[in-house]
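One-based numbering along the sequence shown.
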Amino acid sequence: MEPKRPFERLPDMKSVPEARAPLSETSADDAFHDLYAAAYRRMVMLAFTTTRSVAVSEELVQDAFIALYRSWDKVEDPVAWLRRTVVNLSISWLRRHLRQSRADPVPLVQQDAAEAVALRSLLSVLRPRQRVAVTLRYYEGLSEQQIADVLGCRPGTVKSLLSRSMVKLQEELRHVQSL
């Protein structure tokens with residue numbers, strides 16, 4: 001029997017709209033629902049890179065969408081706002097979780113998929129902010145400026161995060177290959 005992949009039960013994605021124009025209330029609800037359908041899976045995967053738990057990621061993304069819905073009329077770029085909110089919620093969750101589990105460390109997620117386990121262990125050598133930067137750059141395909149906007153830092157900081165992350169990942173790969 002083939003092992004299940006962590007995102008198998010999530011809906012398929014359409015292309016995510018980058019921005020929206022002011023809309024009437026009915027079309028605003030439609031636009032929100034379209035964004036939800038298009039961005040949900042991608043946001044869960046983004047949260048997963050930090051939390052390493054599909055269930056927690058889904059919950060954090062739901063919280064982010066609720067917050068977006070409440071602020072819908074005030075948000076100019078819902079995709080960017082949502083991405084930043086998911087990253088912030090994920091990092092906050094991770095900090096809380098690490099504080100609580102320092103005395104008794106427990107694996108966050110147990111998965112059967114060899115790919116997911118390998119990727120998780122490889123990314124685990126990175127700090128949360130580095131993991132987010134690497135994910136946004138190489139999975140989401142964002143520019144350094146876009147990543148800087150999400151993380152609330154300067155593009156130079158993003159370059160540094162990515163550079164240091166790549167060095168750490170290369171060292172980890174060399175170490176794993178030597179075993």
Side-chain angles (χ1 to χ4, degrees), residues 1-21 23 27-72 75-97 107-124 126 128-152 158 161-162 165 169:
M1 184 171 161
E2 187 177 336
K4 288 190 174 188
R5 296 182 184 258
F7 300 107
E8 188 174 85
R9 62 187 170 152
L10 300 177
D12 288 333
M13 274 197 53
K14 300 175 188 172
S15 62
V16 178
E18 287 302 318
R20 64 170 175 79
L23 304 165
S27 61
D29 283 345
D30 291 341
F32 179 81
H33 291 293
D34 291 345
L35 176 66
Y36 182 87
Y40 178 79
R41 178 184 167 120
R42 203 163 198 78
M43 293 299 121
V44 170
M45 291 174 134
L46 177 60
F48 180 79
T49 63
T50 303
T51 65
R52 294 182 271 164
S53 167
V54 174
V56 171
S57 299
E58 289 173 339
E59 186 175 330
L60 295 175
V61 170
Q62 289 294 338
D63 291 345
F65 271 107
I66 289 169
L68 175 60
Y69 188 77
R70 290 179 180 155
S71 304
W72 186 253
V75 175
E76 290 181 29
D77 185 354
V79 175
W81 190 95
L82 185 62
R83 189 180 293 122
R84 182 163 187 157
T85 302
V86 167
V87 167
N88 289 343
L89 288 173
S90 298
I91 290 173
S92 293
W93 177 87
L94 183 63
R95 285 181 183 145
R96 240 182 355 265
H97 182 77
L108 297 178
V109 164
Q110 302 224 346
Q111 299 175 349
D112 295 330
E115 298 168 5
V117 171
L119 181 61
R120 184 179 71 213
S121 67
L122 185 61
L123 290 176
S124 70
L126 302 177
R129 204 167 147 104
Q130 289 174 319
R131 266 197 306 265
V132 170
V134 167
T135 302
L136 291 173
R137 180 70 175 138
Y138 299 104
Y139 178 75
E140 291 283 326
L142 298 184
S143 69
E144 290 167 354
Q145 181 61 52
Q146 290 171 315
I147 297 169
D149 292 341
V150 170
L151 294 177
V158 172
L161 284 170
L162 291 172
S165 298
L169 290 173

Subject >> Residues which pass side chain to side chain contact (heavy atoms under 4.5 Å, CB included) with Phe32, listed by chain and number, not counting sequence neighbours >> reply: Phe65, Leu68, Tyr69, Trp72
Subject >> Gap between atom CG of Asp149 and atom CG of Asp77 - 0.5 Å precision >> reply: 9.5 Å
**OP:** List the steps and the verdict of side-chain contact (heavy atoms from CB on, under 4.5 Å) for Met45 and Thr49.
**Re:** CA-CA 7 Å; Met45 291 174 134; Thr49 63; over 6 Å; no
Subject >> Test side-chain contact (heavy atoms from CB on, under 4.5 Å) applied to Val87 and Val150, Leu82, Thr135, the passing residue >> reply: Val150
Original post:
What residues form a side-chain hydrogen bond (donor to acceptor under 3.5 Å, both in side chains) with Glu140, not counting sequence neighbours?
Top reply: Arg42
Subject >> Contact summary for Leu60 and Ser90, nearest pair of heavy atoms >> reply: CD1-CA, 3.7 Å
**OP:** Kindly compute the distance separating CG (Leu123) from OG (Ser165), expressed to the nearest 0.5 Å.
**Re:** 9.0 Å
**OP:** Determine the minimum heavy-atom distance between Arg131 and Leu126, stating which atoms define it.
**Re:** NH1-O, 3.0 Å
**OP:** Tell me, please, which residues at least two apart from Ser143 pass side chain to side chain contact (heavy atoms under 4.5 Å, CB included).
**Re:** Gln145, Gln146
Original post:
Can you name the side chain to side chain contact (heavy atoms under 4.5 Å, CB included) partners of Gln62, sequence neighbours left out?
Top reply: Tyr36, Tyr40
Original post:
To the nearest 0.5 Å, what is the distance between CZ (Arg95) and OG1 (Thr50)?
Top reply: 10.5 Å
Original post:
For the residue pair Met43 and Val86, what are the closest heavy atoms and their distance?
Top reply: O-CG1, 3.7 Å
**OP:** Locate the shortest heavy-atom distance separating Arg84 from Leu151; write the atom from each residue and the value.
**Re:** NH2-C, 4.2 Å
Original post:
For the atom pair CG (Leu35) and CG (Asp30), what is the distance rounded to the nearest 0.5 Å?
Top reply: 12.5 Å
Original post:
Got a sec, which residues hit side chain to side chain contact (heavy atoms under 4.5 Å, CB included) with Arg137, two or more places apart in sequence or on another chain?
Top reply: Ile147, Leu162
**OP:** Return the minimal non-hydrogen interatomic distance between Thr85 and Ala64, and the atom names on each side.
**Re:** CG2-CB, 3.8 Å
Original post:
Do Thr51 and Ser57 have side-chain atoms, one donor and one acceptor, less than 3.5 Å apart?
Top reply: yes
Subject >> Whether over 12 other heavy atoms sit under 6.0 Å from Glu144 CD >> reply: yes
